[in-house]
Visitor: 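I have a structure I would like to understand better, so I am pasting it below and will then ask my questions one at a time.
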Amino acid sequence: MKTLQILALVGLTAGVSVGAAFAADALGERQTILKGFGDETRPVVAMMKGEAPFDLAKVKATLATYAEGAAKLPGLFPDNSRTGKTEASPKIWDEKTKFDGIFAKLKTDSETASAAITDQASFKANFPKVLGNCKACHDDYRVKK
Amino acid sequence: MTDATVSSSAAPQVLAWDGPTRLFKWALVATVVSAWVSNKYGAGNVAWHVWNGYAVLVLVVFRLLWGLVGGSTARFAGFLRAPLATIRYGLDLLRGREAHYLGHNPLGGWMVMVLLGLAAVMGLSGLFNADTDRMIIEGPLSAKLSDAAVSLAHRIHHQAFDLLLIAIVLHLAAVAFHSVVKKERLAPAMVTGRKPARDYADMAAATPGSIGLAIGCLVAAGLIVWGGIWIAR
């Protein structure tokens, strides 16, 4: 009987720790992805402004990064990852479906843009539509620190 | 009864708002609405929001100039009253014995200034505003600023918007009050420019401003806004 209690306690502790570790992992992983978005976007924005030469391969790689990250991000905001060192607004968990919808749109918009962009003109016409998803999400769900 | 109806429908109308004043007013309404909509729903076309901001600044500067040289009811000297006179008008209004104005009443005159002031703050703070990463939307004067300064501009831009919403609600409530309770049709007058003749406290009829001067004010406003941005860059 005693063994069973100890086992239950150990199991519970392990469960809670794994849950906490998962929350921390999710937080770290989503920040790595979003930080990566930012780092990859910077040189592309420079192309938009004409500060850097147009590089089709780099643009397509960035769009692929968005699509890949956008597929993972909805799963990286578990309910227990609200607190900690995060700029995530509590509104995310009140409107999780709407929030996830922005990532779904980012993914399809990135894929559509990747197919549509063939030269500098189509890049300038299509890339801002993708960036619009960043703005839409940051406006509503990112708390400025 | 029939006589009264006939005479009221045939009541002489007088000019209250000249063309440039009305055109300005509705252009500002359209631009502010467009700026709000483009920010909320047009994230993929941030240039539109930025251009709305320039347009707001040009319109506000135009109105400031027009308030000096425009039609008689558009001039600041004509409708801005001292604080005490404004409070007295407010008290008279509550007692239901207020004077009637062809142009802005004393409270409405100050509301014009509040709305113009908030629109100006929105436009000006927008020039220095940008998103956190400075990658999605950037005001033309934000590039040289520190992150802290951009962040300050961001907060001002947002708080001014909240205040602007409150001011707009108050403005609409006042117009509704005058229309429903006082039976003064203020909104149609801002479209047609005309109001029924009566014993107005400010003037019997408005003198329209000159169209040439209006065009001059608009050109000057454009030069002031673009010139100012160009110098500040």
Side-chain angles (χ1 to χ4, degrees), chain A residues 31 33-52 58-59 62-63 65-66 86-89 95 98-99 101-103 105-106 108-110 112-113 116-117 122-145, chain B residues 32-54 122-123 125-165 229-230 232-233:
Chain A
Q31 285 176 352
I33 293 176
L34 288 163
K35 177 89 176 34
F37 281 6
D39 292 343
E40 283 217 40
T41 306
R42 209 163 288 281
V44 180
V45 167
M47 291 179 213
M48 282 290 298
K49 290 185 194 161
E51 289 165 2
K58 177 86 195 73
V59 171
T62 301
L63 289 167
T65 304
Y66 293 161
T86 176
E87 292 177 1
S89 160
E95 305 170 1
K98 199 177 150 209
F99 176 73
I102 301 178
F103 289 127
K105 193 167 164 294
L106 173 63
T108 43
D109 284 359
S110 300
T112 310
I117 294 173
S122 52
F123 163 61
K124 291 204 168 176
N126 288 285
F127 200 78
K129 291 180 203 159
V130 181
L131 276 189
N133 293 298
C134 308
K135 180 173 184 294
C137 196
H138 289 173
D139 280 354
D140 287 348
Y141 301 113
R142 182 185 193 181
V143 182
K144 250 180 113 127
K145 293 279 156 172
Chain B
V32 167
V33 168
S34 165
W36 176 73
V37 171
S38 67
N39 184 59
K40 190 98 179 116
Y41 303 103
N45 190 358
V46 293
W48 185 250
H49 184 71
V50 174
W51 277 92
N52 285 153
Y54 294 142
M122 291 297 299
S125 58
L127 296 176
F128 302 95
N129 194 7
D131 66 286
T132 318
D133 309 296
R134 302 177 187 236
M135 285 196 278
I136 305 166
I137 183 166
E138 290 180 299
L141 302 181
S142 66
K144 280 191 274 181
L145 296 183
S146 68
D147 284 350
V150 169
S151 178
L152 176 67
H154 182 85
R155 279 203 302 281
I156 293 172
H157 201 59
H158 280 247
Q159 282 165 5
F161 180 71
D162 292 343
L163 293 176
L164 182 62
L165 278 186
I229 292 170
W230 185 75
R233 271 185 101 121

Visitor: Is there any residue in residues 33-41 of chain B with a non-hydrogen atom under 4.5 Å from a non-hydrogen atom of chain A, and which ones are they?
Guide: B:Asn39, B:Lys40

Visitor: Which answer fits A:Asp109, side chain, backbone, both or neither, if we ask what part of it has an atom under 4.5 Å from a heavy atom of chain B?
Guide: neither

Visitor: To the nearest 0.5 Å, what is the distance between CD1 (B:Ile137) and NZ (A:Lys135)?
Guide: 5.5 Å

Visitor: Taking 4.0 angstrom as the limit, do B:Asp133 and A:Arg142 come out as a salt bridge?
Guide: yes

Visitor: Inspect the surroundings of NZ in A:Lys49 and state if more than 12 heavy atoms from other residues, nucleotides or ligands are less than 6.0 Å away.
Guide: yes

Visitor: Could you tell me which portion of B:Arg155 (side chain, backbone, both or neither) has an atom closer than 4.5 angstrom to a non-hydrogen atom of chain A?
Guide: neither

